[in-house]
Engineer: 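Below is the structure I would like to discuss, written out as structure tokens.
Reckoned from all heavy atoms, side chains included, excluding hydrogens, waters and symmetry mates.
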Amino acid sequence: MKLGLTLPSFTDDPSDAIAVAVAAERAGVDGVFVYDHLFRDTAAGPRRPALECVALLGAVTVATTRIAVGTLVARASLRPVATLVTALDTLQRLATDRLVVGLGAGDSKSERENTTFGLPFGTMLDRVERLEHAVTATRDRGFPVWVGGTSHPVRDVAAQAADGWNQWGGPPDQFRARAAAFGDGASHQPFTCTWGGLVILGGDDVAAAGKRDRLAAASDVIAGGPDRVAAALEPYATAGADWLILGPVDSRDPANATLIGEEVAPRLRAGPDGRPDETR
């Protein structure tokens, strides 16, 4: 099992993401991932800017040497497939064997981004067709291709055409059932099942609780010190997650990367006797 984290994208300063990626590599985190958005609307306050995912990932790739770098997920509705393939091929040349490509169809929350810039959004069927086209075009180019999403049509695309699948959020039992459904039924083996979700990390539970109050985080966000966070993630690991990708709510703080790599990861990978479990 590998552990990753998402980088800060909703900012106008790419140095934040680069600093977090460098800290993650130093702490032994397995991978860093970027979202793909044009902006972020907020319930209160001004619209937040977003860094373009391919350009940001290129900068992160150059600033690091070991850590896996990936998209989670690049939306098939934002770029022509030929443009997307060319951009990813360029990233692959920069990252050699470190690139992981997650692709998605987008959902209702993405519609406003597309329409604001005059981009077609289309029906669910339209978006799934574009996703399938993008997955087919990007596979077998030297990097693994995952599909992110939970709807049946999107998971069908993952099973039929991709190398892996990501579920964002949701309880462990739901993830277990969906991951098990791929089993040997996926067209491409081995098939990678991954889970991602929001977290709030602190040096201990008290520090995390204080941070949670300041950030006004939702009740379903995993929050706590390393022991509590590792315990909350353990069910996803045993449910078949090959990767756990954490999205710190305060994503601009490099200390999260240090906690994930040096504190959470060893706890997740320890066996019952507290020693490292080589199967994880």
Engineer: Could you tell me which non-hydrogen atom of Asp204 sits nearest to which non-hydrogen atom of Ala207, and how far apart they are?
Structural biologist: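 Looking at all heavy atoms of both residues, the closest pair is OD1-N, 2.8 Å.
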Engineer: For a side-chain hydrogen bond (donor to acceptor under 3.5 Å, both in side chains) check, start with the C-alpha distance between Asp13 and Thr11, then their side-chain angles and the critical distance, and finish with the verdict.
Structural biologist: CA-CA 6 Å; Asp13 188 355; Thr11 173; 5.8 Å; no
Engineer: Would you indicate whether His188, at its atom NE2, is surrounded by more than 12 heavy atoms from other residues, nucleotides or ligands within a distance under 6.0 Å?
Structural biologist: yes
Engineer: Determine whether the aromatic ring centres of residues Phe33 and Trp243 are separated by less than 6.0 angstrom.
Structural biologist: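 Yes, close enough.
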Engineer: Which residue in the set Arg47, Arg48, Lys109 passes salt bridge (charged side-chain N to carboxylate O under 4.0 Å, His left out) when paired with Asp41?
Structural biologist: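 In the set Arg47, Arg48, Lys109, the residue that makes a salt bridge (charged side-chain N to carboxylate O under 4.0 Å, His left out) with Asp41 is Arg47.
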Engineer: Do Asp250 and Asn256 have side chains that approach each other closer than 4.5 Å (heavy atoms only, starting at C-beta)?
Structural biologist: yes
Engineer: Please evaluate residues His152 and Arg155 with respect to the criterion side-chain hydrogen bond (donor to acceptor under 3.5 Å, both in side chains), reporting the C-alpha separation (whole Å), side-chain torsions for both, the decisive distance (0.1 Å), and the verdict.
Structural biologist: CA-CA 5 Å; His152 283 291; Arg155 283 185 281 141; 3.2 Å; yes
Engineer: Under a 3.5 Å distance rule, please check whether Arg127 uses its side chain to pair with a backbone N or O of Ala76 as donor and acceptor.
Structural biologist: no
Engineer: Group every Ile, Leu, Val, Met, Phe, Trp and Tyr by side-chain heavy-atom contacts under 4.5 Å, then state whether Leu233 and Ile245 land in the same group.
Structural biologist: no
Engineer: Do Leu57 and Val100 sit in the same hydrophobic cluster, where Ile, Leu, Val, Met, Phe, Trp and Tyr count as joined when their side-chain heavy atoms come under 4.5 Å apart?
Structural biologist: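 Different hydrophobic clusters.
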Engineer: Any sub-3.5 Å donor-acceptor pair from Gln160's side-chain atoms to Ser187's backbone N or O?
Structural biologist: no
Engineer: Looking at Thr64 and Ile67, would you say the former's side chain and the latter's main chain have a donor-acceptor pair under 3.5 Å?
Structural biologist: no
Engineer: Tell me whether Gln189 contacts the main-chain N or O of Gly183 through its side chain, where contact means a donor paired with an acceptor under 3.5 Å.
Structural biologist: yes
Engineer: Does Lys2 come within less than 4.0 Å of Asp242, counting only side-chain N to carboxylate O?
Structural biologist: no
Engineer: If the test is side-chain contact (heavy atoms from CB on, under 4.5 Å), which one of Val69, Thr65, Leu91, Val32 qualifies with Arg98?
Structural biologist: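 Answer to the side-chain contact (heavy atoms from CB on, under 4.5 Å) test with Arg98 among Val69, Thr65, Leu91, Val32: Val69.
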Engineer: Would you sort out whether Ile222 and Ile200 count as a side chain to side chain contact (heavy atoms under 4.5 Å, CB included), showing the intermediate values?
Structural biologist: CA-CA 6 Å; Ile222 294 172; Ile200 293 176; over 6 Å; no
Engineer: For Arg79, is there an ion pair with Asp36 - N to carboxylate O distance below 4.0 angstrom?
Structural biologist: yes
Engineer: Are any non-hydrogen side-chain atoms of Thr6 and Val34 less than 4.5 angstrom apart?
Structural biologist: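 Not in contact.
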Engineer: Can you classify the ring geometry of Phe10 versus Tyr35 as parallel (below 30°), tilted (30 to 60°) or perpendicular (above 60°)?
Structural biologist: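 Answer is parallel, since the angle falls under 30°.
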Engineer: Can you see which heavy atom on Ala218 is nearest to which on Arg212, and at what distance?
Structural biologist: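 Looks like O-NH2, 2.9 Å.
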Engineer: Looking at Phe191, Phe182, Trp195, which hits ring-ring contact (aromatic ring centres under 6.0 Å, His included) with Trp165?
Structural biologist: Phe182
Engineer: Report the C-alpha distance between Leu56 and Ser9 in whole Å, list the side-chain angles of each, state the deciding distance to 0.1 Å, and finish with yes or no for side chain to side chain contact (heavy atoms under 4.5 Å, CB included).
Structural biologist: CA-CA 8 Å; Leu56 177 59; Ser9 293; 4.2 Å; yes
Engineer: Do Val147 and Leu131 come close enough that some side-chain heavy atom pair is under 4.5 Å?
Structural biologist: yes
Engineer: Look at the side-chain heavy atoms of Ile, Leu, Val, Met, Phe, Trp and Tyr, link any pair under 4.5 Å apart, and say whether Val145 and Leu72 land in one connected group.
Structural biologist: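 Val145 and Leu72: separate clusters.
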Engineer: Please give me the minimum heavy-atom distance between Ala27 and Ala257, naming the atom from each residue.
Structural biologist: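 Looks like CB-O, 3.6 Å.
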Engineer: Can we say Glu113 and Arg40 salt-bridge, meaning some charged N sits less than 4.0 Å from an Asp/Glu carboxylate O?
Structural biologist: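 No.
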Engineer: So, are Arg269 and Asp30 salt-bridged, with charged N and O less than 4.0 Å apart?
Structural biologist: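 Asp30 and Arg269: salt-bridged.
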Engineer: Have a look at Arg141 and tell me which of Asp89, Leu88, Val101 forms a side-chain contact (heavy atoms from CB on, under 4.5 Å) with it.
Structural biologist: Asp89
